[in-house]
There are 2 protein chains.
Amino acid sequence: MEMCTGIPEELKFAVLERIKPTEPEREKLFTIQEELASKVKMAAEKLGVSGVLVKMVGSAARGTWLSGTHDIDVFISFPEETSRKELETLGMAVAREVARHAEHAEDRHAEHPYLNITYKGFDVDLVPCFRVASASQIKSAVDRTPFHNDFVKPRIKGHEDEVLLLKQFMRGGGVYGSELKTQGFSGYLTELLVIHYGSFKDTVCAACSWKPGEKIDIMQHGEIKHEEPLVVVDPTDPRRNVAAALSLDKFCMFIDHCREFLKSPELSFFFSPSLLPLEDREILEKLENRKSSQLAVVFKTPDVVEDVLFPQLYKMEQAVSALLKEYDFAVIKTGVWSGKTETAVVLELISSTLPNVKKHVGPPVWVKVHAEKFKEKYQAADDVFGGYIENGKYVFEIRRKYPTARELLEDRLMSCSLGKQVHQSVNEGFEILENAEICRLKDSNFRIFLSGWM
Amino acid sequence: MEMCTGIPEELKFAVLERIKPTEPEREKLFTIQEELASKVKMAAEKLGVSGVLVKMVGSAARGTWLSGTHDIDVFISFPEETSRKELETLGMAVAREVARHAEHAEDRHAEHPYLNITYKGFDVDLVPCFRVASASQIKSAVDRTPFHNDFVKPRIKGHEDEVLLLKQFMRGGGVYGSELKTQGFSGYLTELLVIHYGSFKDTVCAACSWKPGEKIDIMQHGEIKHEEPLVVVDPTDPRRNVAAALSLDKFCMFIDHCREFLKSPELSFFFSPSLLPLEDREILEKLENRKSSQLAVVFKTPDVVEDVLFPQLYKMEQAVSALLKEYDFAVIKTGVWSGKTETAVVLELISSTLPNVKKHVGPPVWVKVHAEKFKEKYQAADDVFGGYIENGKYVFEIRRKYPTARELLEDRLMSCSLGKQVHQSVNEGFEILENAEICRLKDSNFRIFLSGWM
C-alpha cells in the first residue's frame with residue numbers, strides 16, 4: 001500500500017456530529033430493544049412455545065447504526081431440531097402476538113416468512129430462525145445473522161465510529177447498500193473492512209489500490225474460488241463471499257471515491273449535494289445541447305418489492321439495449337428509474353432514426369453455393385434499392401424493417417426476455433416517450449434521476 | 001469444371017453482327033495501317049535514321065478489334081543497343097514527321113514519350129521502342145508489346161470471333177479495360193483466356209467457378225508467386241502477371257456476370273441498357289426514399305490523364321472514408337466520378353450529423369496511473385457533459401469536435417493524404433454538397449453516375 005496522508009480529525013468530528021446517534025437516541029433504541037425482547041418472551045410463554053431465545057442483531061445491536069435510521073432486527077431463535085413447518089407457524093405466531101402492540105404490521109417473505117412491524121416509530125423485523133451450531137450448518141439464510149453478530153460485536157468494540165464514518169462515506173459515494181437495486185456494500189461488509197484494515201482511513205487508503213480479484217480472508221479459512229470483483233470471505237462461513245452482491249461498477253465507484261477523497265478530504269464526500277429535479281425548460285435545454293435521442297419506455301410499476309423488481313428492470317435494460325443494437329441503433333447509455341406509479345427504462349441513442357436503406361453484406365462471390373443463394377433471395381425481394389459487389393462480397397441495399405426506434409420497440413419489445421412481473425406490466429401497456437415527450441413524466445424523483453442522467 | 005450448357009448460336013451471331021468489323025471496315029483499317037507503316041519508313045529515311053523497323057501491334061493487328069473502335073498501335077522499333085536518349089529524340093522525331101500528315105497530334109508520356117495522333121479519323125499511337133531479343137530482356141515496358149503480338153497472332157487465328165464475343169461480354173459486364181480507372185481485363189488478357197480455354201463459352205463456364213488465387217500458366221513457366229485474385233502468367237515473360245491490374249471486385253463482377261449469363265443467355269449481357277441521367281425531381285425522390293445522407297466533395301478536375309487521376313481519386317475516396325469513420329460517421333458506400341470540369345468523391349452516410357455528446361471510454365478504474373491521468377484530463381476539460389463508470393471503466397461524455405460531416409471535411413480534408421494533382425486541385429478550393437445540394441451538378445455524365453449510385 002502506498003503512503004496515505006491523514007484525514008483531518010476535525011473532518012471526522014464534523015461527520016460524526018451529524019451521523020452518530022446521540023445519547024438520548026441510543027437510550028431510546030436500547031429501551032425499545034429490551035421492550036421487544038421481553039414482548040417476544042412473553043408471547044412465547046403465552047402461546048406455550050418453548051425453547052425460544054431472543055437475539056438482537058444488526059447494526060442496532062452492535063452500536064454501528066447511523067443516526068436517524070430506526071431499524072431493529074429481532075431474531076426469534078428456535079432449537080435446531082425444530083421442523084421448518086413448525087418454525088414458520090410457531091415463529092410467525094409469536095411474531096404476530098408481538099405485533100398486537102405495533103402501529104403497523106406486514107407479512108414479508110425471504111427464504112422463510114417474517115414479520116415487519118412499525119413499533120413506536122421504529123422499523124422492526126421479527127425474524128424466526130434456527131439455532132444451529134455454526135454458520136456453516138445453517139438451515140436457512142437468516143440463521144447466519146446471529147453468527148455475524150457474535151463475530152463482529154466483540155471485535156468492533158471501540159471502533160464503532162470508524163464503521164459509522166465508512167458507512168456514511170459509502171453513502172456519499174452512492175455505494176452503500178447491498179440490496180439488488182444498489183448492488184453496493186452491506187453493513188456487515190463495512191464492519192469487516194474496518195476489522196480487517198483497522199480503521200476508516202486505512203480502509204480508504206487500501207481501496208485506492210484495489211483491483212478486481214481483491215481478496216480479504218480474516219480467518220484465513222476460505223475454501224472456494226469466487227469470481228466477484230471483491231472477495232471478503234465470511235469469517236463465520238468459509239464458503240461464502242460477503243461481497244458477492246457488490247457489482248463491478250459499485251466496486252470501482254468506491255475506489256474512485258476513495259482516491260478523490262484522499263486528494264481533498266471534504267465533507268461533501270460524506271454528504272453529496274442532493275440533485276434538484278429538472279424543470280421542463282431545463283430538460284429541453286439539455287436535449288438541445290446534447291442533440292442525441294432520449295428514449296423512455298414507460299409502464300406501470302409492478303407491485304413487488306425492490307429486490308424482485310430491480311433485477312427484472314436491469315434485465316429489461318439489457319434486453320432493450322440488445323434489441324436496439326441488433327437493429328443498428330447505436331446506444332450511448334441506459335438506465336432505469338422506478339417510481340410509485342410509473343417505471344421507466346431510459347436510453348440515450350446516437351439517433352432514434354435510421355435511413356430506410358440498409359446495407360446487407362453477403363458471402364464472397366466465389367463461395368458459390370452460398371453466394372448464389374444469397375443473391376437469389378435478395379434480388380427477388382421487394383423493396384431492394386440496389387445491389388453491388390464490394391471487397392469481393394455481394395452487397396444488397398435493402399429496406400430497413402425498423403427505421404425508427406419507436407417502431408422497433410412497439411413491435412418487438414414484448415418478444416424480449418423480461419422478468420415475470422415486468423413482463424406482465426409491460427404486457428398490459430407501455431408508452432414510448434422520445435426527447436421532449438419525456439416532460440410528460442412529472443414525478444419529481446424522475447426529474448432528479450434525469451438531473452443525474454443528462 | 002461443372003456441366004456447362006451451350007450458348008445459342010443465334011445469340012452469338014446477333015452479337016457478332018453488331019461488333020464484328022465489316023469487310024469495308026477491315027479493308028479501310030488495313031489500308032490505313034499500311035499507309036502509316038510506309039510513312040514511318042519514309043520519315044526515318046528522310047531524317048537519316050537507320051535500323052528502324054515498323055511493327056503493327058494491338059487488336060487492330062490481330063484482327064480482334066471491336067467494330068467502331070479506331071485504335072491503331074504503331075511501334076517504331078530501334079536496335080537494342082540504341083541509347084535511351086537516342087530512342088527518345090530519334091523516335092519522337094520520326095513520329096513527329098509522320099504526324100505532319102495527321103489531323104491532330106499530342107505528346108504523351110508513359111515510361112517514355114510517345115505520340116498520339118488522329119489520322120484519317122483513327123486514333124493512332126506512334127510508340128518508339130527497343131528491339132530486344134526476348135520479352136524478359138525488355139528495356140522499357142512497351143518493348144513487351146511486340147512479343148505479345150507474336151505470341152497471340154498465330155494462336156488466335158480462326159478464333160477471332162471468340163475474342164470479340166468475350167471482349168464485348170466483358171464490356172457488357174463493366175469489366176473490360178485494364179486502365180487504372182477500370183481495373184478490369186485487358187485485350188491481351190482476353191485473348192490469352194480464349195487461347196487457354198479454347199472458346200468464349202469455355203472461358204465463361206470456367207470463370208463461374210473461379211476463386212481468388214486462380215492461376216493460368218499457358219507456357220507452364222511461371223517463376224514467382226503473385227498475390228492478385230487472378231494470375232495469368234505472361235507467355236512471353238515468366239515473371240509477369242498479365243492480370244495484375246484486375247481488382248478483386250472486377251474479378252468477382254466477371255464471375256457473377258458469367259453465372260447470370262449462363263442462367264439465361266441474352267443479348268443484354270453484351271449490351272447493357274444504358275442508364276439515363278437522373279433529373280432533379282428523381283434525385284429528390286430517391287433521397288426521400290433512401291433517407292440516408294448523400295455527400296459530394298467537389299473540386300476542379302485536375303488536368304492529368306485518367307491513369308494518373310484515378311489512382312489519386314481512389315486514394316482520396318479511401319482517405320475521406322477513413323476520416324469520416326475516425327470521427328464516428330458511419331459510411332454506407334463511397335464512389336468517385338470525374339467529368340471534364342468537375343470531379344466528385346461521393347459518399348453515402350447513415351447520417352451526416354451526430355449528437356454533440358460523444359461517449360469517450362477510458363481505462364479501467366483499477367489501472368491506477370492511466371485511469372487517474374484520463375480522469376484528470378477530462379474532468380478539467382471544458383464542455384464535458386458528465387462522467388460515470390461503466391463496466392469498470394471511466395466514461396466521459398465530451399463535446400464532439402465535429403457534429404457534422406461538413407464541418408469535419410471543411411476542417412480536415414486537407415490533412416488527408418491525397419495524390420499530388422488532386423491535392424493541388426482540392427487545395428485551390430472544394431465544395432461540400434449535401435443531399436439536395438447535389439442537384440447543383442448538372443453534368444449529364446454525373447447524373448448517369450447518380451443513376452447507378454442511388
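Proteins come first, then strands; the chains are lettered A, B, ... in the order of their sequence lines, and each starts at number 1.
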Most chain A-contacting option - heavy-atom pairs closer than 4.5 Å, from B:Arg400, B:Lys358, B:Lys333, B:Met253: B:Lys333
Compute whether any side-chain donor of one residue and acceptor of the other, for A:Gln294 and A:Asn435, lie under 3.5 angstrom apart. no
Structural part of A:Glu214 lying under 4.5 Å from a heavy atom of chain B: neither
Is B:Glu285 paired with B:Arg281 through a side-chain N to carboxylate O contact shorter than 4.0 Å? yes
If we count only N and O atoms by modelled type, under 3.5 Å, do the side chains of B:Trp453 and B:Glu348 hold a donor and an acceptor together? no
What option among B:Lys211, B:Arg259, B:Lys291 has the most heavy-atom pairs under 4.5 Å with chain A? B:Arg259
Counting heavy-atom pairs under 4.5 Å to chain B, which of A:Arg399, A:Met454, A:Lys375, A:Glu372 comes out on top? A:Lys375
Name the orientation class of the two ring planes belonging to A:Tyr327 and A:Tyr402 (parallel below 30°, tilted from 30 to 60°, perpendicular beyond 60°). perpendicular
Is A:Ala371 close to chain B through its backbone or its side chain, or both, or neither, when contacts mean heavy atoms under 4.5 Å? side chain
Counting only heavy atoms closer than 4.5 Å, note whether A:Lys359 contacts chain B via side chain, backbone, both or neither. side chain
Could you look at B:Ser351 and say if it's the side chain, the backbone, both or neither that has a heavy atom under 4.5 Å from chain A? neither
I'd like to know if the side chain of B:Thr404 pairs up with that of B:Glu407 as donor and acceptor (distance under 3.5 Å, no hydrogens or angles considered). yes
Heaviest contributor of heavy-atom pairs below 4.5 Å to chain A, chosen from B:Val395, B:Val367, B:Ile350, is B:Ile350
Is it true that the side chains of A:Asp256 and B:Tyr394 contain a donor and an acceptor less than 3.5 Å apart? yes
Any idea which of B:Pro229, B:Ser292, B:Pro212, B:Ser293 has the most non-hydrogen atom pairs under 4.5 angstrom with chain A? B:Pro212
Which residue out of A:Asn289, A:Leu248, A:Thr353, A:Leu349 racks up the most heavy-atom pairs below 4.5 Å with chain B? A:Asn289
Are B:Lys393 and B:Glu390 ion-paired here, with the side-chain N under 4.0 Å from a carboxylate O? no
Proximity breakdown for B:Tyr388 and chain A, heavy-atom pairs closer than 4.5 Å: side chain
Sidechain N-carboxylate O distance under 4.0 Å for A:Glu397, B:Arg290: yes
